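Every number for a ligand or one of its atoms is a count from 1 in the order of the listing. All values reported here derive from a predicted model rather than from experimental measurement.
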Amino acid sequence: MENKKYKLALIGATGLVGRTAIKVLEEKKLPIAEYAFLASSRSAGSLINFMGKDYTVCELKEDSFDEGFDFAIFSAGGETSKKFSPIAASKGCIVVDNSSAFRMDKNVPLVVPEVNPEEIENNQGIIANPNCSTIQAVVPLKPLDDKYKIKRIIYSTYQAVSGAGKSGVDDLENGINGLPNKKFPHPIFNNCLPHIDAFLDNGYTKEEEKMINETRKILNKPDLRITATAVRVPVVNSHSESINIEFENDFDLKELIDTLKNAPGIIVQDDAKNNIYPIATNANGHDYVYVGRIRRDYSVKYGVNLWVVADNIRKGAASNAVQIIEKIIKGSC
Ligand code: A2P
């Protein structure tokens, strides 16, 4: 497939994820000959500079995919995806969808290329990109599950405001300048809000439920015991997560650390004596998942704690989507 020149449409090109996808596409230099940048009527007509050339942003419409695209990346929210992804797929385009609209659909693969690339070939036109906090979690969980069999997971997240889009970043910046919050229900500056996405009847938030359900789907362990608390923190970019894991089998800590070091997409930063552990500002702008503070959990028989940090807009969204397309183009799945 590599000699073919492809056509790609980026939907939500003016948003935070869209703009980062543009950067990632510039870096990757995939054999894509034609690009189209789409958004709402609000930004139609504005210009996007891509690889030194100006492109006019077009309004997303029902006939936008008539000209025949090979790939579309959707980052324009769930409602836009629900309406337009099936239209794009029906015209022969492979959609990589960043929203939560199709993630739990049985007919839609939910893919992290380092974890379950084999799922890509089961697509029927739409491939879902998992939630940002799930993506960075499953990258280290997969090699550990393969080796020691995961029995239970406790997630506690510390999520950056960029995960809520431009308006999330604006809320933090405005808060620093003494202006009131608009996006979040409380000021995010100087606060940690245990509230990401809407609350459900069972007391969890949708974000927490996404982490639980998506992890089960990606690891192909529908009954895995998982609980989660997702917290928004006053950090501009890159999510941090505490992941407590209980295994079926015993492990040697050094061997476990080596397993993570040798796994794809991971950089281990774990040298406590020298204050080396993953931090958000070091993860910004990179596609790796950084893992540190790796230590035994002595409260259970076979448990470990990890501190996991990644750029939520890159690996958690834009880069993961582009990596899926790269895999398809390279025909490695
Ligand atoms: P626009 O800039 O025209 O509003 P973010 O998550 O950073 O807020 O970005 C959301 C992205 O989704 C933007 O590019 C936005 O375009 C786009 N978008 C929102 N609603 C629609 C829609 N109905 N059709 C197409 N694009 C949309």
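- Residues Leu193 and Ile176 fall within the same hydrophobic cluster, defined by Ile, Leu, Val, Met, Phe, Trp and Tyr side chains chained together at heavy-atom separations under 4.5 Å.
- Any N or O atom pair closer than 3.5 Å counts here, and Leu60 shares no such pair with ligand 1.
- Ranking protein heavy atoms by distance to atom 6 (O) of ligand 1, first place goes to Gly165 CA, 3.9 Å.
- The aromatic ring centroids of Tyr302 and Tyr148 lie 6.0 Å or more from each other.
- Within the 4.0 Å heavy-atom criterion, the part of Thr80 lying near ligand 1 is the side chain and not the backbone.
- Which parts of ligand 1 touch Leu16 is read off a 4.0 Å heavy-atom cut-off, strictly below it: atoms 7 (O).
- Nearest to atom 1 (P) of ligand 1 by heavy atom, out of Gly15, Ser43, Ser81, Gly12, is Ser43.
- Clustering ILVMFWY residues whenever any of their side-chain heavy atoms sit less than 4.5 angstrom apart, transitively, puts Met104 in a cluster other than the one holding Ile212.
- Taking the six-membered ring where the residue is Trp, Tyr55 and Tyr35 present perpendicular rings, their angle passing 60° and hence far from 30°.
- Remark: ligand 1 and Ser41 share no N or O pair separated by less than 3.5 Å (distance only, no angle test).
- At the top of the distance list for atom 2 (O) of ligand 1, counting protein heavy atoms only, stands Thr14 OG1, 2.5 Å.
- Closest approach of Pro86 and Lys83 over heavy atoms only: CD-O, 3.9 Å.
- In this structure, the protein non-hydrogen atom closest to atom 19 (C) of ligand 1 is Arg42 NH2, 3.6 Å.
- Among Ala76, Ser40, Gly163, Gly77, the residue whose heavy atom lies nearest to atom 12 (O) of ligand 1 is Ala76.
- Nearest to atom 25 (C) of ligand 1 by heavy atom, out of Ser64, Gly18, Ala39, Ala13, is Ala39.
- The N/O atoms of Val17, backbone and side chain alike, include none that comes under 3.5 Å of an N/O atom in ligand 1.
- Stacking of Lys7 on the aromatic ring of Phe69 is recorded, both the 6.0 Å distance cut-off and the 45° axial limit being met.
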| request: Apply side-chain contact (heavy atoms from CB on, under 4.5 Å) to Asn129 and Phe74, showing your working. | output: CA-CA 10 Å; Asn129 223 27; Phe74 273 75; over 6 Å; no
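- With a 4.0 Å cut-off on non-hydrogen atoms, Ser75 touches ligand 1 through its backbone and not its side chain.
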